[in-house]
Amino acid sequence: LSDAGGGFVWSGNSHENRLTPWLCQLVRDPVQERVTITEQDGTSFDAIPRFRADGDRVRFGKGYAVFERDKQGTDRKIMSKLTVYAAADAPVKCTELTLRTEQDTMLTVSYQVSLAGFLPGRLPGKRVSGGCTVQDRVFVLCDGTPRKVSWENNTVLMKLEVRLRAEEAATVCFYLGEGDGGNFLRGADLSLETVREEWERLLGRIRIATPEPSVDILMNGWLLYQVKSCRIDGRSGLYQSGGAYGFRDQLQDAVNMLLL
C-alpha cells in the first residue's frame, strides 16, 4: 500500500493468488480500491487523496496505515479517517472509515474494488449478507447494510448511507478477503489492536540504544518489520511480486530474523 492508495492484495502467495491486480507502474501508482464520500448535493471526495493538500495526513505504523482528511464540504467541514490493515489471524484486509462533521448530515460512502481476472466463463458468485462473494472464494463485505451492491467486469461496487450527528463519529468497515464470506465475520478477530500487539510482541524482542536516535528508530522495529512483512511473508514490492527465491536472497533475509 502506497501513500497515494496504490498497491495490491493477495492471500497466501503474492504471485499465485492475487485478489487484486499487481501493476508495476511506479509513476502512475494505479489504485485498485477506492473509498469515496458523497454529500447529499453530489459533492464527493476520496478518503485517500491522490495528491495531498492542507488538511491531508498520511502515517504508517507496523501492520497498518492511516489516511486523514479535513475537507470543506458544501456548508460544513467533514473529517475522515481511513485505517487500513490486514487481520492478525485471518486472510482479510480491513478498511475502516471513521467520519465526523460539524452539523447533522447524511453521507453516502462508496467502496469500489477491482479484482484480479478470473478464469474465462466463470461469473461472480452469490450475494451474502452485507456484500457478495466472487468465484466462491473471494468476498467483499461491510459491517453495515449496503444500499447497493453490484459487480461488473471484475469490479465490485458497494454503497451505503451513513447518518452523522453533529460532532459525533460514525464508523463503517469494509472487508476484502478469501474464504466463506457468509460466515467469516462471526469468528475472526478483526481488531487493529490485535494487529499492533502481535507486531510489538514479535519485534519488541530486540532493543538497542545508541548515541544516534535515527539509528535507534530503524533498529528497534522498523528494519525487522520490513524484512518480515515484505521479504519473508510477502516477497513483494512495487518492483517485484512473488520472486526472489535463491540462496543469496533467502540467506540475507533469514539471517536478520535469527534473534527473533
Side-chain angles (χ1 to χ4, degrees), residues 1 3-5 31 33-61 63-88 90 92-113 127-132 139-151 156-177 181-182 184-197:
L1 179 64
D3 61 348
V31 174
E33 297 174 78
R34 176 172 279 112
V35 177
T36 305
I37 299 99
T38 304
E39 297 186 78
Q40 290 178 299
D41 64 356
T43 304
S44 63
F45 66 93
D46 288 337
I48 300 180
R50 293 294 290 171
F51 303 99
R52 289 192 294 277
D54 292 342
D56 296 337
R57 299 170 297 280
V58 179
R59 53 190 172 89
F60 287 87
Y64 67 95
V66 178
F67 303 83
E68 296 177 288
R69 305 199 74 180
D70 295 340
K71 292 290 292 183
Q72 183 60 49
T74 305
D75 56 0
R76 67 187 68 81
K77 181 182 287 187
I78 301 173
M79 290 74 76
S80 69
K81 177 182 178 182
L82 191 74
T83 305
V84 182
Y85 58 96
V92 59
K93 176 183 179 180
C94 306
T95 301
E96 179 183 275
L97 176 67
T98 300
L99 295 167
R100 187 187 300 270
T101 186
E102 298 170 334
Q103 302 176 20
D104 293 358
T105 188
M106 176 75 77
L107 301 174
T108 298
V109 176
S110 302
Y111 173 74
Q112 180 176 307
V113 54
R127 285 281 297 272
V128 296
S129 177
C132 69
F139 62 82
V140 182
L141 299 172
C142 72
D143 62 357
T145 303
R147 178 169 58 86
K148 175 183 179 182
V149 178
S150 63
W151 52 77
V156 176
L157 174 63
M158 186 178 298
K159 292 185 177 183
L160 67 158
E161 294 181 343
V162 179
R163 182 178 298 277
L164 287 175
R165 300 294 183 184
E167 302 302 335
E168 292 184 0
T171 299
V172 60
C173 295
F174 299 96
Y175 307 103
L176 170 61
F184 184 81
L185 300 183
R186 298 175 186 173
D189 184 353
L190 304 178
S191 69
L192 175 60
E193 189 60 34
T194 300
V195 174
R196 299 177 68 170
E197 289 175 357

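Of the inter-residue distances, the one linking Phe174 atom CZ with Asp143 atom CG reads 8.0 Å to the nearest 0.5 angstrom. Put simply, CD on Glu39 and CG on Leu107 are 6.5 Å apart, with the number rounded to the nearest 0.5 Å. Annotation: the span from Glu167 atom CD to Gln103 atom CD amounts to 9.5 Å, rounded to 0.5 Å. How far CG of Asp189 is from OG1 of Thr194: 3.5 Å, rounded to the nearest 0.5 Å. The structure places OG1 of Thr105 at 6.5 Å from CD1 of Ile78, a figure rounded to the nearest 0.5 Å. Put simply, CZ on Arg163 and CD on Glu161 are 8.0 Å apart, with the number rounded to the nearest 0.5 Å.
Here the shortest heavy-atom pairing between Ser80 and Phe45 reads OG-CE1, 3.9 Å. Of all the heavy atoms in Thr38 and Ser44, the pair that sits closest is OG1-CB, 3.4 Å. Shortest non-hydrogen contact noted between Leu157 and Ser110 is CD1-CB, 4.3 Å. Residues Leu190 and Ala87 approach most closely at CD2-CB, 3.8 Å, considering heavy atoms. Smallest separation of non-hydrogen atoms from Gly63 and Val195: O-CG1, 3.9 Å. Residues Val31 and Ala4 come closest through the heavy atom pair CG2-O, 3.9 Å.
No side-chain heavy atom of Leu97 sits less than 4.5 Å from a side-chain heavy atom of Val162.
Taking the six-membered ring for Trp and thresholds of 30 and 60 degrees, Phe60 and Phe67 have ring planes more than 60 degrees apart, a perpendicular arrangement.
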Open item on the list: Run Leu176 and Tyr111 through side chain to side chain contact (heavy atoms under 4.5 Å, CB included) and show every step you take.
Closed with: CA-CA 11 Å; Leu176 170 61; Tyr111 173 74; 3.8 Å; yes

Taking it one step at a time, do Asp70 and Arg57 satisfy salt bridge (charged side-chain N to carboxylate O under 4.0 Å, His left out)?
CA-CA 9 Å; Asp70 295 340; Arg57 299 170 297 280; 3.6 Å; yes

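In terms of the salt bridge (charged side-chain N to carboxylate O under 4.0 Å, His left out) criterion, Glu168 has no residue partners (sequence neighbours excluded).
A salt bridge (Lys or Arg N to Asp or Glu O under 4.0 Å) check over residues 92-108, counting only residues at least two apart or in different chains, returns the pairs Glu33-Lys93, Asp104-Arg165.
Judged purely by atom type and a 3.5 angstrom limit, Arg69 uses its side chain to pair as donor or acceptor with the backbone of Asp46. Using a distance-only test at 3.5 Å, with no hydrogens or angles considered, no donor-acceptor pair links the side chain of Arg52 to the main chain of Arg50. Within the 3.5 Å criterion, the main-chain N or O of Val66 finds no donor-acceptor partner in the side chain of Tyr85. Within the 3.5 Å criterion, the main-chain N or O of Val58 finds no donor-acceptor partner in the side chain of Asp56.
Among Leu99, Thr98, Ile48, the single residue meeting the side chain to side chain contact (heavy atoms under 4.5 Å, CB included) criterion with Leu82 is Ile48.
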